[in-house]
Amino acid sequence: MANNKPIIFVLGGPGCGKGTQCERIVRDFGFLHLSAGDLLRDEVKRKSELGKKCEQLMKDGKLVPAEVTLSLLRKAMKDANNAKGYLIDGFPRALEQAQAFDKTVGRPTLVIFLECPQDVMEKRLLKRGETSGRSDDNLATIIKRFETFQKESLPVIAFYRKLKAGLVLQQSSVPPPDMVYKEMELIIRKAITPVISTRDAYSQCSLWPGPDCPNILNMDNPI
């Protein structure tokens, strides 16, 4: 945790529904949502030298250097020091990014891996490309992004699985979004609110109310 605040990574192939699920997590838990892709695209819009380099890499379906993405994330986290927790999607996308984050920021509280067949993701991306205006939502780049994900990002999941039992939550994102979220919500809640003592339970439930919290908060002597 960064400053004792939960950090959740949301990983998965392009088009698996990371942003859709992040919207629901933010709604229910009030975390700061940081999209590595959005941070990079914002840099591109600023037309800085760094942005121009990032834009070409993204068009080619390649990964931006780890130090660049990590620097943008760390700044965004520092600027929002009052956040309840951090929800980071699309990062880490490579093993070196995961190792660098673990060393310089901290270990994530939970890693959500949204699993989805490639043909389903491709259809979603092509549909999104009709209105998104994103330079990487075209078939040629999409295929390159799939290849990069298989080569660079899947080892990240294996890394976290070995790091700690139960750290990775693997979830199919093929069903409707609300159904996907319903299956994950309780696990997320348990991961970020470990009940170590009654005092901790009272404090945590005041931040993230859940189905078990009324019994805790309505006790005669909660503290």
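All residue numbers refer to positions in the sequence shown, counting from 1.
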- Val68 and Cys54: side chain to side chain contact (heavy atoms under 4.5 Å, CB included), yes or no, with the steps? CA-CA 9 Å; Val68 173; Cys54 290; 4.2 Å; yes
- Task: Run the numbers on Leu11 and Val156 for side chain to side chain contact (heavy atoms under 4.5 Å, CB included), then give the verdict.
- Result: CA-CA 9 Å; Leu11 306 177; Val156 173; 4.0 Å; yes
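Taking the side chain as every heavy atom from C-beta outward, Met77 and Ile88 approach each other to under 4.5 Å. Counting only heavy atoms from C-beta outward, the side chains of Val120 and Pro117 approach each other to under 4.5 Å. Inter-residue side-chain proximity for Leu126 and Ile142 is flagged as met; some heavy-atom pair is nearer than 4.5 Å. A 4.5 Å side-chain heavy-atom check between Phe149 and Pro14 finds at least one atom pair inside the cut-off. At a threshold of 4.5 Å between non-hydrogen side-chain atoms, the residues Leu114 and Ile112 count as touching. Between Ile8 and Pro108 the shortest side-chain heavy-atom distance does not fall below 4.5 Å. Using a 4.5 Å heavy-atom cutoff, the side chains of Lys5 and Tyr86 are in contact. Here the side chains of Phe9 and Leu87 are not in contact, with every heavy-atom distance at 4.5 Å or above.
Under the 4.5 Å side-chain heavy-atom criterion for Ile, Leu, Val, Met, Phe, Trp and Tyr, Leu154 and Phe146 are members of distinct hydrophobic clusters. No path of Ile, Leu, Val, Met, Phe, Trp and Tyr side chains, each step under 4.5 Å between heavy atoms, connects Val174 with Val10, placing them in separate hydrophobic clusters.
For Pro155 against Gln150, the heavy-atom pair with the smallest separation is CD-O, 4.1 Å. The two residues Val180 and Ser173 have their closest heavy-atom pair at CG2-CA, 3.8 Å. Of all the heavy atoms in Cys116 and Arg124, the pair that sits closest is SG-NH1, 3.8 Å. The two residues Ala76 and Leu34 make their nearest non-hydrogen contact at CB-CD2, 3.6 Å.
For residues 155-176, no pair satisfies salt bridge (charged side-chain N to carboxylate O under 4.0 Å, His left out), with sequence neighbours left out. Within the structure, ring pair (Phe, Tyr, Trp, His ring centres under 6.0 Å) contacts touching residues 105-131 (residues at least two apart or in different chains) do not occur. The stretch residues 66-78 participates, sequence neighbours left out, in these salt bridge (charged side-chain N to carboxylate O under 4.0 Å, His left out) pairs: Lys75-Asp79.
Listed by chain and number, the residues in a side chain to side chain donor-acceptor pair (under 3.5 Å) with Gln99 amount to none (sequence neighbours excluded). Legend: residues meeting side chain to side chain contact (heavy atoms under 4.5 Å, CB included) with Thr69, ordered by chain and number and at least two apart, are Ala36, Leu40, Val64, Leu73, Phe91, Gln97. For Glu183, the side chain to side chain contact (heavy atoms under 4.5 Å, CB included) test picks out Gln171, Met179, with sequence neighbours left out. Leu163 is linked by a side chain to side chain contact (heavy atoms under 4.5 Å, CB included) to Asp102, Arg107, Phe159, Tyr160, Leu167, counting only residues two or more places apart in sequence or in another chain. Checked against salt bridge (charged side-chain N to carboxylate O under 4.0 Å, His left out), Arg128 has the following partners two or more places apart in sequence or in another chain: Asp137. Scanning for salt bridge (charged side-chain N to carboxylate O under 4.0 Å, His left out) contacts around Asp136 gives Arg134, Arg145, with sequence neighbours left out. When the side chain to side chain contact (heavy atoms under 4.5 Å, CB included) test is applied to Glu152, the partners found at least two apart in sequence or on another chain are Leu63, Ala94, Thr148. Listed by chain and number, the residues in a salt bridge (charged side-chain N to carboxylate O under 4.0 Å, His left out) with Glu122 amount to none (sequence neighbours excluded).
Proximity of a side-chain donor or acceptor of Thr109 to a complementary backbone N or O of Ile192 within less than 3.5 Å is not detected. In terms of modelled atom types and a separation under 3.5 Å, the side chain of Arg93 and the main chain of Ser153 share no donor-acceptor contact.
Note that CD1 of Ile188 and CE of Met184 are 5.0 Å apart. Values are rounded to the nearest 0.5 Å. Rounding to the nearest 0.5 Å places CD of Gln118 at 6.0 Å from CE of Met121. Atom NZ of Lys18 is separated from atom NE2 of His33 by 9.5 Å, given to the nearest 0.5 angstrom. How far CG of Asn138 is from OG of Ser132: 9.5 Å, rounded to the nearest 0.5 Å.
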List, one per line, each side-chain donor-acceptor pair under 3.5 Å for residues 19-26, sequence neighbours excluded.
from, atom 1, to, atom 2, distance (Å)
Gln21, NE2, Pro177, O, 3.1
Arg24, NE, Asp178, OD1, 2.9
Arg24, NH1, Thr20, O, 3.0
Arg24, NH2, Asp178, OD1, 3.0

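In the displayed structure, Lys144 atom NZ is contacted under 6.0 Å by more than 12 heavy atoms of other residues, nucleotides or ligands.
A donor and an acceptor atom, one from each side chain of Ser48 and Glu43, are located under 3.5 Å apart.
Looking at Glu130 and Lys127, a side-chain N of the basic residue comes within less than 4.0 Å of a carboxylate O on the acidic one, giving a salt bridge.
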